[in-house]
Amino acid sequence: MVATIPLANYEQLPQEALAGKTVIDTMNYAPAVTSWARPELDADELTSSELVQRFLSGSSVVKAFHDVNGRLLRELARPADAPDRTALPVTGDDPAAKAQVTELIDNFGFDTVDVGGLAESWRIGPNTPLYFEAFTGAVPTGLSLPEIYAWLATTPLIPTPAATVAELAATTERQPAGFQLTPSAQPGAVS
């Protein structure tokens, strides 16, 4: 099961139907965009994936695919032996569930890097190099949200090997929780 809904709606996920299943969490905490905030996330008491796992206590949550879009999946997929194969990060507390998701990602044409448990999912979340930047380069500053989306849709993609993904995950510093926009990139802002 892939949970691709706004994080603000995570409590609408069907707990009973998902019990005993692996759930891929693609959701991102974005209070600056959605105006939905959670104090425990803002205080770094837990990650958004831990919040989802707490709600889906009968499931095994794996954070993956939260940092990609359809274009990246189409353009950077490569055979297993390709020298320019891109790796995608995953986190999760259940090794068997992570193995399932790793196999799925491999079938899509990507390597994976296990970044640890859900408590470490901040390493691959918004405001880190593994949230688009590793695959696109730095997003130009001063763009409005629509301009950021347009830039992401047209900028050349960068194949990113497993060693680079692992290094970025290991060396990133914890930033404020949730996708942050510069003042000029607030929804509705004019540049």
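Here the structure is a predicted model, which is why all the values come from computation and not from measurement.
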Ignoring hydrogens and geometry, is there a side-chain-to-backbone donor-acceptor pair from T112 to T102 under 3.5 Å? no
Any idea which heavy atoms bring E133 and V139 closest together, and the distance? CG-N, 4.3 Å
Under 4.5 Å between side-chain heavy atoms, counting indirect links through other Ile/Leu/Val/Met/Phe/Trp/Tyr residues: same cluster for L152 and V68 or not? no
CZ (F135) and OG1 (T155) are apart, to the nearest 0.5 Å, by 13.5 Å
Looking at side-chain heavy atoms only, is the closest gap between Y29 and D42 below 4.5 Å? yes
Hey, what do you get for CD (Q15) to OG (S59), rounding to the nearest 0.5 Å? 8.5 Å
Find out if a path of hydrophobic residues (ILVMFWY) with successive side-chain heavy-atom gaps under 4.5 Å connects V2 to I5. no
Rounded to the nearest 0.5 Å, what separates atom CG in L88 from atom CZ in F65? 6.5 Å
Inter-residue atom distance R123.CZ - E173.CD, 0.5 Å rounding: 10.0 Å
Looking at E120 and T91, would you say the former's side chain and the latter's main chain have a donor-acceptor pair under 3.5 Å? no
Can T164 and E167 be counted as having a side-chain donor-acceptor contact under 3.5 angstrom? no
Linking I/L/V/M/F/W/Y whenever any side-chain heavy atoms sit under 4.5 Å apart, do W36 and L46 land together? yes
Let's go through V115 and V90 carefully: what are the C-alpha distance in whole Å and the side-chain angles of both, what is the deciding distance for side chain to side chain contact (heavy atoms under 4.5 Å, CB included) to 0.1 Å, and is it a yes or a no? CA-CA 6 Å; V115 177; V90 298; over 6 Å; no
Just so I know, are the side chains of Q12 and Y10 near enough to count as touching, which here means a heavy-atom distance under 4.5 Å? no
Please report the shortest heavy-atom distance between G92 and L118, naming the atom on each side. CA-CD2, 3.7 Å
Could you walk me through whether S121 and T47 satisfy the side-chain hydrogen bond (donor to acceptor under 3.5 Å, both in side chains) test, starting with their C-alpha distance in whole Å, then the side-chain angles of each, then the deciding distance to 0.1 Å, before giving a yes or no? CA-CA 7 Å; S121 63; T47 65; 3.1 Å; yes
Is there a side-chain contact between N28 and Y131 in this structure, where contact means two heavy atoms from C-beta onward sitting under 4.5 Å apart? yes
What closest approach, in Å, do A87 and V165 show between heavy atoms, and which atom pair accounts for it? O-CG2, 3.4 Å
Heavy-atom distance under 4.5 Å between the side chains of F110 and L72, does that happen here? yes
Main-chain N/O of G109 paired with R78 side-chain donor or acceptor, under 3.5 Å: no
In short, salt bridge (charged side-chain N to carboxylate O under 4.0 Å, His left out) pairs touching residues 1-30 with sequence neighbours left out are D25-K63
Would you compute the distance between atom CG of D93 and atom CD of Q53 and round it to the nearest 0.5 angstrom? 6.5 Å
Treating T160 as the side-chain partner and I158 as the backbone partner, does any N or O pair qualify as donor plus acceptor under 3.5 Å? yes
Tell me whether V23 is reachable from M27 by hopping between hydrophobic residues (I, L, V, M, F, W, Y) whose side-chain heavy atoms are closer than 4.5 Å. yes
Output, in order, the C-alpha distance, side-chain angles, deciding distance and verdict of side-chain hydrogen bond (donor to acceptor under 3.5 Å, both in side chains) for T4 and T26. CA-CA 5 Å; T4 304; T26 68; 2.8 Å; yes
Heavy-atom nearest pair, P140 first then W151, reads CD-CE2, 3.4 Å
Flag side-chain contact, heavy atom, 4.5 Å: D94 against V62: no
Does I24 reach the side chain of L104, with side-chain heavy atoms less than 4.5 Å apart? yes
In terms of heavy-atom contacts, P159 and T86 come closest through CA-OG1, 3.2 Å
On a heavy-atom basis, the closest approach of L13 and L56 is CD1-CD1, 3.9 Å
Close side-chain approach of V52 and S49, heavy atoms under 4.5 Å: no
Please assess T22 against Q100 for the test side-chain hydrogen bond (donor to acceptor under 3.5 Å, both in side chains), listing each intermediate value before the final yes or no. CA-CA 8 Å; T22 297; Q100 279 183 306; 2.3 Å; yes
So that I can tick it off, tell me whether R54 and E40 are bridged by a salt bridge, with the cut-off set at under 4.0 angstrom between side-chain N and carboxylate O. yes
Distance in Å, R74 CZ paired with L157 CG, rounded so as to fall on 0.5 Å steps: 9.5 Å
Taking side chain as C-beta onward, heavy atoms only, is L7 less than 4.5 Å from L41? yes
